[in-house]
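First comes the structure, then the notes that go with it.
Quick note on labels: first sequence line is chain A, next is B, and so on, each numbered from 1.
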Amino acid sequence: MSVARVIVDVPSRETDRPFDYLIPPRLEGWVEVGSRVAVPFGGRTLQGIVVGLAEDASVDLKRLKELADVLDAVPPLSAELVELGEWMSRRWLCPLAISLQAMLPAALKGKTEKYITLARGAQWPADTLETYGDLKQALERHSPLKMSGLLQQFPDRADAIKKLLKAGLLEEAQKVEDRLSVRTVLTVFAPEPDALREGIAAIPARAAKQRETLEYLLAHPEPIAQQRLAEEVGTGTATIRALADKGLLELRQVEEDRDPYAGRNFPQSAPMRLTPAQAEAFAPIAGAVAERRHDVFLLHGVTGSGKTEIYLQAIQKCLDQDREAIVLVPEISLTPQMVERFKSRFGERVAVMHSRLSNGERYDEWRRIRDGRAQVAIGARSAIFAPFSRIGLIVIDEEHETSYKQEESPKYHARDVAVERARQHGAAVVLGSATPSLETYAAAIARGTAAAGARRAYAASAGEGTTALSASEDDAIRPVYVPLPERVGDRPLPGVTIVDMREELKLGNRAMFSGALADALRARLERGEQSVLLLNRRGYSTFVMCRSCGYTAQCPHCDIALTYHRGSQNLRCHYCGYAEREPSVCPSCQSPHIRFFGTGTQKVEEALSQTFPGIRVIRMDVDTTSEKGSHEKWLTQFRERRADVLLGTQMVAKGLDFPYVTLVGVLAADSALKLPDFRAPERTFQLLTQVAGRAGRHELPGEVIIQTYEPEHPSVALVRHHDYAAFTEQELGHRRKLGYPPFGRLISITLSHEQAPALIAMGQSFASKLRERASAAGLTGSNAYGAPNALEVLGPVASPIPRLKDRYRFQCMIKYRGDVDALGWTAQALQELAEAAKRTGAQISVDVDPQMML
DNA sequence: AGCACGCCGACT
DNA sequence: GTCGGCGTGCTC
């Protein structure tokens, strides 16, 4: 008998290794690397993934249990994806079970279900029967019963069931079940034409409908849904059933794909003629695809420069070779517009995956990919795991977007996974952005450019410092730089005005709209044009304070000010979801002078209506787009010009393209600048540049007005001339001085605990252990030239949000040069820490290459 | 992560 | 004297 090595679905570091199981004869032949199996594990039955097969000789067979089951006819993961999962676990220091789970559609996240049956032949003593007769009766009616169902029926009998199990009067069985519903449709299958004609001849003259039905099938022999056939023929399903009973046709339940885009027509679109600039950018990418080279490209194109058409044509090249393509877009720009462009070009060959699909819909799209019915996958972050087997191209649009980094474990970055996966397949990678992340950009500039002379466009300003990324760093991405510096049709970038709100105040304007913005809005209303307004804060007011005693409303579970929401009249914590009623007097001193400060999107909406009576505003933020399809609904309304203003948080900044938008207003450009995060300036610059790109994308010229209290901050000032290069140069200078990415790398380790003192002690002992190890390894100590240390351990310090969901948080940061093996080193240290943490009840969370410092 | 086994307080 | 609290330890 052979042996399967299984990663069980327990997301803990202690069980993060393969466990060996015997493959029983009945399952022989069904088990492969990547199979999903059910295994007995410590007294229960769990889902697991087979990561290896061994011959019996190599393992000690005596103590092995057998696999309980193989859960799918076709393994959901390929050996290649299992390998990718192992790579991810090393790269982001997370248990393999978690990496593997991330690659499966949610529908295949197996759940252990317990079933209860009456023990066969067991005699119930009279007194037991008296007390627990109702349980016995329930099980006599239906058996086996789900434990969960039984508990629902008898909520207070949990202990009783346990007792009866122990006494051997009840028995328990466990099964791993999918969270899955495959929709089936009753489908009619026609027999061979000859049989069909015989059937028609045999039908009595008065059964006209039956005859018609068979005649229809003779003309249309392909399988058809019973319902549909009945409609076509103009009869009821009874006719069809009658025919089935006679054996004249076959009726079967057939699994149906839930097509989330069913009933929508996507007019076929032909490739557009590329502009000379597009063609120049396209050439090296197409070349790499044609030659099946694993090259990575940074396609740096300003907003409106036509990157998408380049993606589409590169994908076509890839399909022509009978290879497959993955396109990642940020969740937020996975709008109908984007999907439509891909569906129009590639039709049925496109599978779409995003979070708004139900588990079932997503599973169906996933199966279309796996079964080879789709060759292009477009989706958010997790689409990088699309189960293709011959990938030729991976595109990551808006490469700089933070949503590519998953904030929960596995804390992977889809961009890095993409490059690794492409390497496995010999596929090309295109990273597209108008505002590339500094990491990608610096690496590309360091490597050089594909097109001669292109480097001039951006490179000079980036400075020599960008080469600081260590050349020996083996997992560093080194993209070929492909600039696309002009907008299609030579449309100019919109003019940008920066308004200093301090000056407005001096002029006596205390409103949230500056004179310039108010005038510009009014002009759009008069001309019937549209505007987009950005304010990156939802809710009505951002904090609540008592003017008598200084009390501020804080979340009782987090160290965070509560935000006032107008619609629901409550105060809410945006981190844990806590809500309380709006106070009318100060909860602390009962003074009526409790006031709401700070501006959120709700308040702007109100101010718009007051300032411009009759204005039609669509507000888009987390609060108005939580419903399925609402995002799409608002955008459609806006496109159809049923509103004058689209007001929202950063979700209005990305990827939208409306011809009548001629004004973009940013209400508080500096709102994110004060955050304690070294990427805050980069993010602000990116957000402002992106939102500015929403204006004037078609015939009408665009205008951008940015309100700020910090007009001279580079993140704001340099947006004025869309000066990515100048901003980048400055910012890279700062990063270099501080040893931040891309000049150094970070691993953040956050410890959390319900009690602060225990946490502080633990944090300190952990940090000093790390430091000891580092110095023992000769990694610390500044060198004689004042160059940064190879590795530094910073902290522990309280996290920027010191308490979240009733847990205190402390963090350590490991800052290191790219040529140091900090991952292996940290993994070891964590192993030790994990043991200590378990005793004290602390939680550890590791973030390799953190994107958010909060 | 759970579920077992194992040692100390409030009940029959 | 028993039921049950949840503290450590293991799971092929």
Side-chain angles (χ1 to χ4, degrees), chain A residues 1-24 27-28 31 33 35-71 89 94-102 104 109-116 127-128 131-132 147-148 151 156-168 170-177 179 408-410 752-755 758 762 807 830-846:
Chain A
M1 245 195 288
S2 49
V3 167
R5 321 209 72 202
V6 175
I7 296 291
V8 290
D9 191 19
V10 176
S12 102
R13 292 211 138 75
E14 287 155 273
T15 48
D16 188 28
R17 63 197 168 83
F19 289 82
D20 295 329
Y21 289 88
L22 292 173
I23 301 172
L27 298 178
E28 200 81 54
V31 183
V33 170
S35 291
R36 202 165 55 108
V37 292
V39 292
F41 189 73
R44 57 208 167 119
T45 301
L46 291 179
Q47 172 174 304
I49 301 287
V50 177
V51 296
L53 296 168
E55 280 311 308
D56 44 9
S58 60
V59 212
D60 172 26
L61 286 179
K62 278 167 276 183
R63 304 217 62 88
L64 298 194
K65 293 184 180 171
E66 289 187 352
L67 293 180
D69 210 352
V70 175
L71 299 173
S89 285
C94 64
L96 183 51
I98 292 180
S99 292
L100 294 173
Q101 196 57 247
L104 293 174
K109 194 186 172 78
K111 207 175 132 223
T112 305
E113 204 51 80
K114 280 187 190 170
Y115 285 88
I116 305 291
D127 55 334
T128 312
T131 359
Y132 306 122
M147 176 74 131
S148 53
L151 284 175
D156 46 0
R157 286 302 185 85
D159 289 346
I161 296 169
K162 234 178 245 168
K163 206 179 284 175
L164 293 168
L165 280 167
K166 225 176 203 168
L170 295 181
E171 276 171 5
E172 181 195 77
Q174 295 185 28
K175 233 180 112 191
V176 175
E177 290 181 347
R179 301 162 192 238
E408 307 85 53
S409 193
S752 71
H753 197 283
E754 285 173 19
Q755 269 119 42
M762 215 185 133
R807 295 185 74 89
L830 277 172
Q831 207 67 47
E832 280 174 35
L833 179 67
E835 285 165 30
K838 212 175 169 205
R839 278 192 291 280
T840 60
Q843 278 175 15
I844 314 167
S845 142
V846 192

Nucleotide by nucleotide, 5' to 3', does protein get under 4.0 Å of the base (B), only the sugar-phosphate (S), or neither (-) in nucleotides 1-11 of chain B, counting heavy atoms? BBS--------

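- In terms of the ring pair (Phe, Tyr, Trp, His ring centres under 6.0 Å) criterion, A/Tyr115 has no residue partners (sequence neighbours excluded).
- Rounded to an integer number of Å, the gap from CG of A/Asp16 to P of C/dC12 is 16 Å.
- A/Thr15 is linked by a side chain to side chain donor-acceptor pair (under 3.5 Å) to A/Ser12, counting only residues two or more places apart in sequence or in another chain.
- Residue-level contact check: A/Arg17 touches the bases, meaning some heavy atom is under 4.0 Å from a base atom.
- With rounding to whole Å, A/Phe19 atom CZ is found 8 Å from C/dT11 atom P.
- Within a 6.0 Å sphere centred on CD of A/Glu177, other residues, nucleotides and ligands contribute more than 12 heavy atoms.
- Between the side chain of A/Tyr21 and the backbone N or O of A/Pro40, at least one donor-acceptor pair lies under 3.5 Å.
- Checked against side chain to side chain donor-acceptor pair (under 3.5 Å), A/Ser148 has the following partners two or more places apart in sequence or in another chain: A/Glu113.
- With sequence neighbours excluded, no residue forms a side chain to side chain donor-acceptor pair (under 3.5 Å) with A/Arg13.
- Of all heavy-atom pairs spanning A/Lys109 and A/Gln47, the tightest one is C-OE1, 3.9 Å.
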Output a table of nitrogen or oxygen pairs between the protein and nucleotides 4-7 of chain C separated by less than 3.5 Å.
none

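- A/Glu66 and A/Pro24 make their closest contact through OE1-CB, 3.5 Å (heavy atoms, listed as atom of the first residue, atom of the second, distance).
- Nucleic acid contact class of A/Pro18 (heavy atoms, under 4.0 Å, all strands): none.
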